[in-house]
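The sequence lines fix the lettering, A, B, ..., with proteins before strands; numbering per chain opens at 1.
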Amino acid sequence: MADEATNADLMSKIVSLCKRRGFIFPSSEIYGGINGFWDYGPYGVRMKRAIEKLWWHEMVETRDNVEGLDSTIICHPTVWKASGHLDQFSDLMTDCRDCKSRFRVDQMPDPTTCTNCGGKNLTEPREFNLMMKTFVGPVFDDEHMAYLRAETCQPIFVDFNSVRVATRQKLPFGIAQVGKAFRNEINPRNFTFRSREFTQMEMEFFCRGAEGMQWFEYWKEQRINFYRKKLGFTDDFFRIYVHEKLAHYAKAAIDIEVKFPFGWGELEGVHHRGEWDLSQHGKYSGQDLQYFDHDTGERFMPTVIETSVGLDRMFLALLSRAYDEDTADTCKEGQDQDVRVVLRLPATVAPVQVAVLPLSKKLNEHAMNLYNKLNNYFRSEYDVTGSIGKRYRRQDEIGTPFCLTFDFESETDNAVTVRERDSMKQERVAIPELRDYLEEKIGF
RNA sequence: GCGAGCGUAGCUCAGUUGGUAGAGCAUCACGUUGCCAACGUGAUUGUCGCCGGUUCGAUUCCGGUCGCUCGCUCCA
């Protein structure tokens with residue numbers, strides 16, 4: 001119980017910090033907000049882009065057999081018929097206000113009576129579909145209805161042949177995409193964890209059916225290594241959930257779950273989807289999406305291994321892991337307690353990687369020169385306002401790993417003090433060596 | 001979608017038994033200091049979530065609505 005209370009407390013501290021420092025705040029807040037939508041502020045967008053860049057580099061730029069794609073959010077409506085998104089969850093449902101049960105109206109013996117408790121206190125039958133609707137063209141009728149994509153992977157399947165032909169890729173190869181997806185979630189919850197507009201980072205890897213399990217294991221390991229090595233996740237923070245109940249088309253599936261303040265939650269899925277998606281799109285489009293192997297003369301439907309992660313969830317996972325409160329010693333007199341809020345973010349994703357802080361306003365000119373140089377290579381920030389200690393704390397709160405203090409000796413010895421966020425230790429580094437020094441510490 | 005709780009400054013919250021509001025922190029300026037939330041002086045900030053009703057008068061009472069949190073439900 002005490003643990004749960006602490007965690008709920010942690011969640012509200014994170015939400016509060018996000019609002020205060022401009023990481024994330026509610027969309028349309030001056031109008032009272034809109035449920036399930038969140039805006040990323042100045043620091044938030046820096047960090048979000050850094051995470052995306054890290055993923056893209058890992059999944060696309062360092063691999064010859066993975067190609068990128070940026071498809072539209074609105075697709076031909078039949079895409080969602082083929083994928084099964086339109087048929088499922090488009091049933092009429094009713095809720096019993098007395099016993100809180102929910103029923104499909106077409107399955108009730110008597111649609112006016114609760115099947116469970118016999119009560120008559122039912123809500124009006126409503127259509128449940130998690131896809132967001134819109135209209136293409138100025139006429140709002142069924143003919144012109146379209147949907148915002150519920151996941152970024154379907155357009156990858158749809159464009160599979162075009163990508164294959166254009167890039168002359170042979171199996172096995174993958175297609176990756178980062179982009180917005182939309183779901184009319186019944187109940188958005190837990191800050192940005194479940195929202196109605198979100199960003200996915202997905203990769204579909206196409207291979208021969210016989211090699212499917214082998215690639216499934218490969219990508220599972222790759223993704224786990226990414227969290228361990230690139231984001232520093234440890235075994236107490238994430239775990240693997242193996243699906244026992246699989247979708248009818250799937251051969252294997254795991255989720256990578258993370259310890260959020262509200263409990264364990266899915267961060268990424270690695271799924272063996274078999275031939276299902278390409279077969280469906282082949283069937284509905286009438287196009288032959290089979291792969292022809294020139295060496296063996298075989299024609300077959302590729303098997304798909306998917307890695308799918310929510311960017312917003314990775315963002316929230318990083319914040320959950322990074323948030324910490326120190327009770328560090330203070331050097332100032334007259335302070336009983338010094339609680340320091342610090343985000344121990346990996347330097348690669350920190351919104352500000354380097355802060356340049358002149359000890360005095362009199363040092364403005366030269367310190368500003370240093371800042372302008374470093375800002376070409378690192379996400380940097382300059383701050384002269386307030387005492388040096390206060391500025392360190394401001395940077396701690398947004399997770400800046402390195403603060404460079406430009407002091408009265410800097411102009412003569414051509415060096416600055418580098419103060420490290422987590423240890424608060426300081427080191428004197430010559431200005432000409434700063435770039436190499438920081439690049440080595442920050443990494444990609 | 002159902003139920004419960006909540007909504008006052010950027011953040012955390014106090015307050016008004018109905019007479020349009022305060023604190024701490026934060027922010028800004030000047031002075032001072034010069035490596036871990038220093039100090040002094042001064043300054044900025046709210047349609048008390050939104051709409052409506054009752055009332056001479058509503059931030060306060062009532063209704064609705066929007067949003068947040070928790071539980072149930074849902075999560076293809």
Tell me, please, whether A:Y43 has A:R21 positioned over its six-membered ring: NZ or CZ under 6.0 Å from the ring centre and within 45 degrees of its axis?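 Checked: cation-pi criterion not met.
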Do we get A:R239 above A:Y241's six-membered ring, with its NZ or CZ under 6.0 Å from the centre and within 45° of the axis?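 That pair does not qualify as a cation-pi contact.
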Any N or O donor-acceptor pair linking the side chain of [X] to the base of [N] at under 3.5 Å?
X      : N     : answer
A:N187 : B:G1  : yes
A:R419 : B:C36 : yes
A:Y31  : B:C66 : no
A:Q426 : B:C35 : yes
A:S16  : B:C11 : no
A:R189 : B:G71 : yes

Would you mind pulling out the nucleotide paired to [N], Watson-Crick or G-U wobble, both distances under 3.5 Å?
N     : value
B:C50 : B:G64
B:C39 : B:G31
B:G19 : B:C56
B:C70 : B:G3
B:C25 : B:G10

Considering only side-chain heavy atoms of A:R394, which listed nucleotide, B:G67, B:C28, B:A38, is closest?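 Selected nucleotide: B:C28.
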Between B:C68, B:C11, B:C35, which nucleotide gets closest to the side-chain atoms of A:R20?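 Ranking B:C68, B:C11, B:C35 by closest atom to the A:R20 side chain puts B:C11 first.
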When you check the phosphate oxygens OP1 and OP2 of [N], does a side-chain N or O of [X] lie under 4.0 Å from one of them?
X      : N     : result
A:T405 : B:C35 : no
A:R391 : B:C35 : no
A:K425 : B:C36 : no

Residue among A:R421, A:R419, A:E381, A:K390 satisfying side-chain hydrogen bond (donor to acceptor under 3.5 Å, both in side chains) with A:Q395: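 The side-chain hydrogen bond (donor to acceptor under 3.5 Å, both in side chains) with A:Q395 is passed solely by A:E381 among A:R421, A:R419, A:E381, A:K390.
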CD1 of A:I256 to OH of A:Y227: how many Å apart, nearest 0.5 Å?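 If we round to the nearest 0.5 Å, A:I256:CD1 and A:Y227:OH are 5.5 Å apart.
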Roughly how many Å is it from NZ in A:K390 to C1' in B:C36, rounded to a whole number?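 Between C1' of B:C36 and NZ of A:K390: 13 Å.
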Under 6.0 Å between the ring centres of A:W55 and A:F226?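 No, the ring of A:W55 stays outside the 6.0 Å limit from the ring of A:F226, centre to centre.
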